[in-house]
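Just so you know, these numbers come straight off a predicted model, no measurement behind them. Sequence lines set the chain letters: A, B, ... in the order given, protein chains first and strands last, and positions in each chain run from 1.
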Amino acid sequence: MEGGVLAARVALSAATYAIDKPYTYLVPQGLAPTLRAGMRVLVPFGAGNRRTEGIVLSMEPLQTPPEKCKPVLTQLDEQPVLEEEGLHLAVWMAERYFCTVYEAARAMLPAGLYFSLQNRYRVRPEVSQAQAEAAAGKSELAQKVVELLYAAGGSAELGHIRAAFGARDPGPALRRLTERGVLALETSASRGVGDKRERVAVLAIPPEEALAQVSPRRRTAPMRYAVTELLCALGEASAKELCYFTGASMATLRSLAKSGILTLEEREAFRRVDPGPVEAAEPVTLNEEQQRAFEGLDALASAGRAAAALLWGVTGSGKTQVYLKLIQATLDRGKSALVLVPEIALTPQLLRLFTAHFGSGVAVLHSSLRAGERYDEWKRIRSGAARVVVGTRSAVFAPLSDLGLVVLDEEQEGSYKSEQVPKYHAQEVAKYRCARWNALLVLGSATPSVESMYQAQTGVYHLFTLSRRYNRQKLPSVEIVDLKEELRGGNGGSISAPLRRALEENLARGEQSILFLNRRGASRMVSCGECGAVPTCPRCSVYLTYHSANGRLMCHYCGHSEPLPRSCPQCGGLLSFQGAGTQRVQSELESLFPHTEILRLDADAVSATHSHEALLDRFRQEKVPILVGTQMVAKGLDFENVTLVGVISADQSLYLDDYRAAERTFSLLTQVVGRAGRGSKTGQAMIQTFTPENDVITLAARQDYGSFYRQEIEMRRLRGCPPFRDLFVLTASGLEEGAVFRACLRLRETLEAWLRGPEWRERPVQILGPAPASVAKVNNRYRYRVTVSARNDRSMRRLVAHLLRCAQQDKQNRGISVYADTDPMD
DNA sequence: AGCACGCCGACT
DNA sequence: GTCGGCGTGCTC
């Protein structure tokens, strides 16, 4: 660097959305040779120069340092935690998901990598207690600080001091005492998870030579021979493993090292996730249809241009086989592959399958791994040791290089959208990464999202279809049971007479049954028990939901509300609230079938002692006759002996108040029906509903996705829903309901004023609300939202971002937080 | 979101 | 005079 200085542009954790931008810091001489983009640093920030963590976005030489430019204090990483691609992705996410660059970067890294910063105030050793008290003077707060610090043995964490002060702010007193040389601020960074290291033995000379050296003394030094022989076969191995398999001791290894046969190195050891018993891989054989899909997809993957394809394969058509072949082809081309699944429950079986095919080159990433495991898998991926990654949503950030293939299985699933900030969608991130690496994105589904199918129909995605079930299995016969009839017949329980009969027959045959309970949105929906009518919003054609707080039916889109009618406005019948929990169904079944074991699988059953997998294993191995469960039982699980599946009530997800309700119900019902009869026996499915004539239900029963899609896409077109337009949801939250509502009103008014400008006047933008959020009060904070339906393009995102920044800095919005989200899932 | 700066009332 | 409460504006 001639003459100039080196500066780092840093994304800061302390920067809020409204002030987020790259901040420039001077790189001190000592750090200049080692600091690089993608490393994390500790920097001073704000008037008080409090220590803040940041990530270096870029390094740049400056001719003249700017006036106000503080120095980087510490370099926190020895090597970058994000590569160039990751840094670009973070910036892209910030723009797309209305979050800070740092928040985006943080979401991309395993939690084990994270530092927690501790700010500790200490009384300087040269200062006596009397001097400290004198320096505190008459300030009550300063005296209290000194007293507290001495009581704590001379130093205390900032957090503790704050806690001891309660509502009063110790800040000014701490600063004054620091200024007067009484206190010193120490900042330490500690990481939750450390690196684990191990000894590795590496063969230092060619195998023939090594064996030649130890062979003559094979009799007298059998251990030296055994170790060398094993190491010749392996090339390198952990010292622990070598000793374990040969019975040698570390002394033998050291002596071999001395003879120059091997070298001992300290290396990072990876805490591997145990894939469980791995069977030998059966060679993948594809049927004609699968082969055609594979060839088409492989042609796209090898074309070297980014592409997206939809693999639409009916349940049981063998999409996984196609994935396996594609992954193999990708690896053969020297590229890496990423496979995403919607549920953690699906990763163990996929991990086993992939490990059988690709050995130790498979890594797994999902949120319920322990921090250490997750961190280690991340490092294995980054080092290039793992070239195939299986995981849930956040695995989309796996630090793979030379990405050639990304598979999103069950692409329509809502779990690909993050619930927390940044509220990214794994599918969009995957698309971004594929574009950067010229990789192929494969979206797999039996019931594609309407958006994806639309892209396929309009030629944006390539479409491949698998319409035949593997092994030519027959689809189960499906019966729709009318719960209104049951109610009239005096059966108000959750098991109808036909379902009860079917269960009895199945029990008698010694076959298993699964009952599926669709709990989402339970008990908020109101319907007529007589005619099945569901109250609808007059302006939005969505169903109204009941709010017990004010006893009214409300629309979550536009804010319309009306009192709960005493009886059904259509027929005068009795209105009923839907809601049957798994526990209630379980106890009902227990009284219907007193000597039969009934297994329950839901979030509660899983969190208590038994793991999800253990419960399913029990169901499979002990052949428990009946399994009752929520969403979890519907997904990709194959049970030979299950010949009956029942849907307790199809209605609950159908009458939710969002545009995706129909799609989600269709998908769920189709999956559940597909669960029956996976083995040699033909299955039977039963769907209970109050609205048996509903198209979504009858189409799902027939597994007729094509008709469902045609209907749904027209509905979306008419209502201006995705894929024709996108939704931006602006949410304000705060302690006082009125203030939150008024903040939302101002958001709406500001936006309306801007949209009257010349460049916006012609564009189709619609604003709905303010309306209460679906969960109107969380943690004592009221939440209201304004929904904007418009094309999600750069200019619209900029407008929303600007609106957010203005709102966050508006003094009228004191105590109110405002944030934005696109196409939310709730 | 912190934190300083500036202004003002209260207590000494 | 100080101290501390509160409104305003900035953060490399």
Side-chain angles (χ1 to χ4, degrees), chain A residues 4-28 31 35 37 40-75 91 94 98-103 106 117-119 121 133-147 157-159 161-163 165-180 183 185 187 421 732-735 743 781 804-819:
Chain A
V5 288
L6 194 57
R9 315 223 316 141
V10 185
L12 296 179
S13 78
T16 55
Y17 183 72
I19 62 163
D20 187 43
K21 63 178 177 186
Y23 287 83
T24 309
Y25 285 87
L26 284 173
V27 179
L31 295 181
L35 192 63
R40 291 165 302 166
V41 287
L42 207 60
V43 295
F45 187 65
N49 282 332
R50 65 188 201 282
R51 277 73 198 263
T52 301
E53 195 182 311
I55 185 156
V56 178
L57 297 174
S58 63
M59 302 287 289
E60 41 185 61
L62 294 177
Q63 276 71 37
T64 44
E67 302 246 322
K68 211 160 36 167
C69 197
K70 297 178 187 179
V72 173
L73 298 175
T74 320
Q75 176 180 327
V91 173
F98 310 106
C99 66
T100 69
V101 173
Y102 183 88
E103 282 169 336
R106 182 165 189 132
L117 296 182
Q118 279 104 30
N119 287 299
Y121 278 93
E133 276 163 8
K138 277 182 274 180
S139 165
E140 191 193 316
L141 290 167
Q143 287 290 356
K144 199 173 168 193
V145 167
V146 171
E147 189 188 318
E157 285 249 349
L158 178 57
I161 303 173
R162 282 242 162 83
F165 269 66
R168 318 245 316 251
D169 181 16
L174 287 168
R175 244 160 282 122
R176 210 162 302 134
L177 289 168
T178 308
E179 245 168 57
R180 292 180 190 167
L183 300 184
L185 172 64
T187 307
V421 176
S733 75
L735 294 170
R781 290 179 79 85
L804 269 187
R805 277 191 259 271
C806 289
Q808 286 172 5
Q809 294 185 311
D810 185 349
K811 282 177 279 300
Q812 290 183 89
N813 288 340
R814 202 169 256 289
I816 292 169
S817 39
V818 187
Y819 44 90

Problem set entry | Partners passing salt bridge (Lys or Arg N to Asp or Glu O under 4.0 Å) against A:R9 (at least two apart in sequence or in another chain) |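 Only A:E60 meet the salt bridge (Lys or Arg N to Asp or Glu O under 4.0 Å) criterion with A:R9.
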Results of side chain to side chain donor-acceptor pair (under 3.5 Å) for [X] - residues two or more places apart only:
| X | value |
| --- | --- |
| A:S733 | A:R781, A:S817 |
| A:T24 | none |
| A:Y121 | none |

Problem set entry | Counterpart residues, side-chain contact (heavy atoms from CB on, under 4.5 Å), relative to A:L73 (two or more places apart) |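 Expected list: A:P44, A:R51.
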For this session: Go through the structure and list residues passing side-chain contact (heavy atoms from CB on, under 4.5 Å) with A:E103, not counting sequence neighbours.
Result: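 If we apply the side-chain contact (heavy atoms from CB on, under 4.5 Å) test to A:E103, skipping adjacent residues, the hits are A:C99, A:T100, A:V421.
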Exercise. So what does A:R50 touch, heavy atoms closer than 4.0 Å: a base, only the sugar-phosphate, or nothing?
Worked result: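 The answer is sugar-phosphate, as A:R50 gets under 4.0 Å only of primed atoms, P, OP1 or OP2.
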For this session: Check whether any side-chain N or O of A:Q812 sits under 3.5 Å from a backbone N or O of A:A743 as a donor-acceptor pair, and report yes or no.
Result: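 No: the side chain of A:Q812 does not pair with the backbone of A:A743.
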Exercise. Any side-chain heavy atom of A:L6 within less than 4.5 Å of one from A:L35?
Worked result: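 No, side chains not in contact.
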Exercise. Is there a side-chain contact between A:K70 and A:V43 (heavy atoms, below 4.5 Å)?
Worked result: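 The answer is no; the side chains never approach within 4.5 Å.
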Taking [atom1] from [X] and [atom2] from [N], how many angstroms apart are they, rounded to a whole number?
| X | N | atom1 | atom2 | answer |
| --- | --- | --- | --- | --- |
| A:F45 | B:dC3 | CZ | P | 11 Å |
| A:N49 | C:dC10 | CG | C1' | 13 Å |
| A:L42 | C:dC12 | CG | P | 14 Å |
| A:L62 | C:dC12 | CG | P | 16 Å |

Problem set entry | Contact list for residues 12-23 of chain A, test salt bridge (charged side-chain N to carboxylate O under 4.0 Å, His left out), sequence neighbours left out |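 Found none.
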Exercise. So which of residues 10-23 of chain A are in contact with DNA chain C, with a heavy-atom cut-off of under 4.0 Å?
Worked result: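 Close to the strand are A:I19, A:K21, A:Y23.
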Exercise. Where along residues 808-817 of chain A does a heavy atom come under 4.0 Å from DNA chain C, residue by residue in number order?
Worked result: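 Going residue by residue through residues 808-817 of chain A, the ones with a heavy atom under 4.0 Å of DNA chain C turn out to be A:K811, A:R814.
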For this session: Not counting sequence neighbours, which residues clear ring pair (Phe, Tyr, Trp, His ring centres under 6.0 Å) with A:Y23? List them please.
Result: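 Expected list: A:F45.
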Exercise. What heavy-atom pair brings A:A14 and A:R50 nearest, and what distance separates the two atoms?
Worked result: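 Minimum heavy-atom contact is CB-NH2, 3.6 Å.
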Problem set entry | Distance-minimising heavy-atom pair for A:R805 and A:Y17 |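 Heavy atoms only, the tightest pair is NH1-O, 3.6 Å.
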Sub-3.5 Å pairs of nitrogen or oxygen atoms, protein against nucleotides 2-4 of chain C:
{"residue": "C:dG4", "atom": "OP1", "partner": "A:E140", "partner atom": "N", "Å": "2.9"}
{"residue": "C:dG4", "atom": "OP1", "partner": "A:L141", "partner atom": "N", "Å": "3.4"}
{"residue": "C:dG4", "atom": "OP2", "partner": "A:S139", "partner atom": "OG", "Å": "2.8"}

For this session: Any chance you could list the contact pattern along nucleotides 6-12 of chain B? Use B for base contacts, S for sugar-phosphate-only contacts and - for none, protein heavy atoms under 4.0 Å, 5' to 3'.
Result: -------
